[in-house]
Peer 1: 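Next up is a structure, given as structure tokens.
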Amino acid sequence: MAALCLAACACTAVPARAQTLQVLHWWKSASERKAVDLVAQRLGEQQVGWHDSMVPSGSGVGAGIVLRSRMLAKDAPEVAQLNGSVIRDWARLHLLLELDTVAAAGNWKQLLLPAVASTIEYDGHVYAAPLGVHRINTLFYNRKVLQRLGLPVPATWSEFEQVAAKLQRAGIVPLAQSSEPWQVTTLFETMVLAEGVDLYRGLFQRRDTAAYSDPRLATALLRLRATKRWMGRPIQERKWADGVVDVADGRAAMMVMGDWAKGELIERGLAVDVDFGCAAAPGTARYHLYNVDTLSMLGTRPEARAAQEKLAALALSPAVQADYNRIKGSIPVLRQPALAKMDACARASWTLFNSGAAAQVPSLVHRMATDEMVRDAIVTEVHRFFLDDSIPVADTQRRLGTIARTFIKTK
Ligand code: GAL
């Protein structure tokens with residue numbers, strides 16, 4: 001009995017405080033939850049606890065607000081999901097632990113895809129542990145619905161129009177879409193990319209003034225508005241995972257969304273290339289519009305450092321990379337991942353991403369292309385234009401141009 005009790009106490013013992021990390025993130029859907037739980041469980045196997053602090057907020061705006069207030073209240077978690085430009089903003093303020101020792105010990109420079117390595121670096125130091133790369137310009141479609149109606153997968157926006165009209169006549173919503181600001185702008189950025197990668201880079205990466213008066217920006221904005229007629233009425237502000245359910249159940253035929261939607265479709269029991277397929281969003285097949293999910297360590301409690309470094313090293317382990325990304329819908333951040341363990345969508349995504357910088361396009365909405373303030377302001381303008389048909393396109397173009405000029409660019 002005593003031995004039994006001892007054994008029980010040993011395995012249920014609450015880990016010492018230094019060995020528990022509070023992790024702030026925004027992953028709430030079923031597949032996101034499952035992916036997080038996998039990392040938490042693997043961390044637990046190394047005797048480090050995961051205290052979950054989830055702030056549901058789609059692309060992470062709410063999580064960012066909560067994190068900033070907690071920092072000001074001196075109540076910061078030890079770990080936070082900070083993506084893209086936000087890593088550099090926080091590193092510049094000396095709020096993040098540099099992970100150079102872990103990165104050197106784990107040979108990250110050799111292991112990581114170069115675009116991922118540069119995302120997590122600032123001023124020569126490493127400030128985040130990368131988990132996976134998502135492809136944003138993905139068109140998901142319900143295979144059975146398209147097959148039943150004998151419809152092709154549209155490769156351009158004009159093909160999309162033809163397919164959409166037939167779907168609508170058959171009583172199926174052509175495109176699942178929420179009116180939530182980040183989801184509207186996620187669709188919009190794929191439409192800008194379809195107008196030309198030079199336009200996209202000029203607008204969102206370089207913020208060239210000339211790009212804002214380019215007629216192709218007007219085309220993309222008007223296309224966004226015109227596509228409303230294929231979205232079903234009313235267009236509700238719903239979570240992205242609700243749109244996935246509509247595609248899964250065949251109420252809607254297609255959805256343009258980051259490939260976290262693939263994770264969710266799989267979690268609902270659907271199989272790639274059987275029940276659903278993934279293709280590039282219309283007109284963007286040559287490009288990989290991406291974001292990288294990362295965890296940064298906050299330098300709030302020196303005694304937590306060893307545990308934080310364990311988590312950073314764990315994120316890059318081949319087993320976590322393969323298992324986490326399979327659930328999440330993303331691809332490993334590695335130069336040599338286990339390709340055989342990936343499904344066809346993931347293999348195509350990794351192959352294109354790995355083909356080099358010309359194909360890689362950082363997402364505006366998911367904070368990879370430019371500063372967060374500019375991103376937020378653009379999202380607001382695009383959302384207003386989408387909702388209110390009375391706003392002239394030239395006004396929105398002018399306002400976007402002003403945003404791009406007014407905010408100072410940070411390095
Ligand atoms: C993105 C994030 C993804 C996914 C998505 C929707 O910003 O990178 O991992 O979680 O938001 O929640």
Side-chain angles (χ1 to χ4, degrees), residues 23-39 52-67 79-87 115-116 119-120 128-138 140 176-178 180-190 204 237-245 247 255-267 278 288-296 315 320-321 323-333 345-346 349 353 360-370 372 375-376 378-379:
V23 186
L24 189 143
H25 62 87
W26 65 81
W27 288 313
K28 170 147 198 264
S29 78
S31 56
E32 288 176 332
R33 186 69 258 166
K34 195 169 170 184
V36 167
D37 287 347
L38 175 119
V39 180
D52 202 73
S53 173
M54 192 271 294
V55 183
S57 51
S59 69
V61 175
I65 295 170
V66 169
L67 186 58
V79 187
Q81 181 190 6
L82 293 184
N83 285 1
S85 62
V86 189
I87 301 171
V116 174
T119 297
I120 58 169
L131 281 165
V133 180
H134 277 297
R135 187 174 185 193
I136 313 293
N137 57 326
T138 312
F140 291 97
Q177 176 68 45
S178 160
E180 202 183 2
W182 75 265
Q183 295 192 59
V184 169
T185 320
T186 294
L187 174 63
F188 173 67
E189 67 179 22
T190 73
F204 304 139
E237 182 161 330
R238 331 186 278 170
K239 296 192 286 290
W240 65 268
D242 295 338
V244 169
V245 175
V247 175
M255 183 175 190
V256 172
M257 186 47 70
D259 50 14
W260 45 87
K262 185 188 76 180
E264 201 66 13
L265 284 161
I266 292 172
E267 178 60 18
C278 52
H288 194 296
L289 184 58
Y290 71 94
N291 80 337
V292 186
D293 278 320
T294 50
L295 296 176
S296 283
V320 166
Q321 281 291 312
D323 299 344
Y324 163 90
N325 283 299
R326 197 174 35 222
I327 301 168
K328 188 67 172 62
S330 37
I331 51 166
V333 294
C345 298
S349 167
F353 192 80
Q360 297 163 350
V361 184
S363 163
L364 168 78
V365 177
H366 299 276
R367 302 184 183 77
M368 306 299 296
T370 195
E372 191 170 32
R375 174 258 182 223
D376 289 351
I378 293 178
V379 168

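Atoms within a ligand are numbered from 1 in the order they appear, just like the ligands themselves. We number each residue from 1, following the sequence as shown.
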Peer 1: Using 4.0 Å as the upper bound for N to carboxylate O, is an ion pair formed by D323 and R326?
Peer 2: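 Salt bridge present between R326 and D323.
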
Peer 1: Should you measure from each heavy atom of N83, which atoms of ligand 1 turn up under 4.0 Å away?
Peer 2: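 So the atoms of ligand 1 that pass are 8 (O).
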
Peer 1: Using a strict cut-off of 4.0 Å, indicate which atoms of ligand 1 neighbour a heavy atom of W26.
Peer 2: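 So the atoms of ligand 1 that pass are 1 (C), 2 (C), 7 (O), 10 (O), 11 (O), 12 (O).
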
Peer 1: Tell me whether ligand 1 is touched by G58 - counting only heavy atoms on the residue side and a distance under 4.0 Å.
Peer 2: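 Checking ligand 1 against G58, which is what was asked, there is a heavy-atom contact under 4.0 Å.
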
Peer 1: Restricting to non-hydrogen atoms, name the atom on K28 and the atom on R33 that form the minimum distance, rounded to 0.1 Å.
Peer 2: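 It is O-CB, 4.3 Å.
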
Peer 1: Would you say N291 and ligand 1 have an N/O pair spaced under 3.5 Å apart?
Peer 2: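 It does: an N or O of N291 is found under 3.5 Å from an N or O of ligand 1.
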
Peer 1: I need the minimum non-hydrogen distance between D52 and H25, along with the two atoms involved.
Peer 2: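 Residues D52 and H25, closest heavy atoms: OD1-NE2, 2.8 Å.
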
Peer 1: Does W27 reach the side chain of W260, with side-chain heavy atoms less than 4.5 Å apart?
Peer 2: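 Side-chain contact under 4.5 Å: no.
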
Peer 1: Where do A35 and I327 come nearest, in terms of heavy atoms and distance?
Peer 2: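 Answer, listing the atom of A35 first, then I327: N-CG2, 3.7 Å.
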
Peer 1: Between H288 and S349, is there a side-chain heavy-atom distance shorter than 4.5 Å?
Peer 2: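 A side-chain contact exists here, since the closest heavy-atom pair is under 4.5 Å.
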
Peer 1: Between ligand 1 and K328, is the shortest N or O to N or O distance under 3.5 Å?
Peer 2: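 It does: an N or O of K328 is found under 3.5 Å from an N or O of ligand 1.
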
Peer 1: Which residue holds the protein heavy atom closest to atom 4 (C) of ligand 1, what is that atom called, and what is the gap in Å?
Peer 2: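 Nearest neighbour among protein heavy atoms for atom 4 (C) of ligand 1, to 0.1 Å: E32 OE2, 3.4 Å.
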
Peer 1: Would you mind running through ligand 1 and noting each atom that sits below 4.0 Å from a heavy atom of D293?
Peer 2: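 So the atoms of ligand 1 that pass are 2 (C), 3 (C), 8 (O), 9 (O).
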
Peer 1: Has ligand 1 got any nitrogen or oxygen that is less than 3.5 angstrom from a nitrogen or oxygen of W27?
Peer 2: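 For ligand 1, there is an N or O atom that lies under 3.5 Å from one belonging to W27.
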
Peer 1: Out of W260, W182, Y290, whose heavy atom sits nearest atom 5 (C) of ligand 1?
Peer 2: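 Considering heavy atoms of W260, W182, Y290, the nearest to atom 5 (C) of ligand 1 sits in W260.
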
Peer 1: Considering all heavy atoms of both residues, which atom of Y290 and which atom of A115 are nearest to each other, and what is their separation?
Peer 2: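 Where Y290 meets A115 most closely, the heavy atoms are OH-CB, 4.4 Å.
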
Peer 1: Around atom 7 (O) of ligand 1, find the nearest protein heavy atom and jot down its residue, atom name and distance.
Peer 2: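 I find the closest protein heavy atom is H366 ND1, 2.9 Å.
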
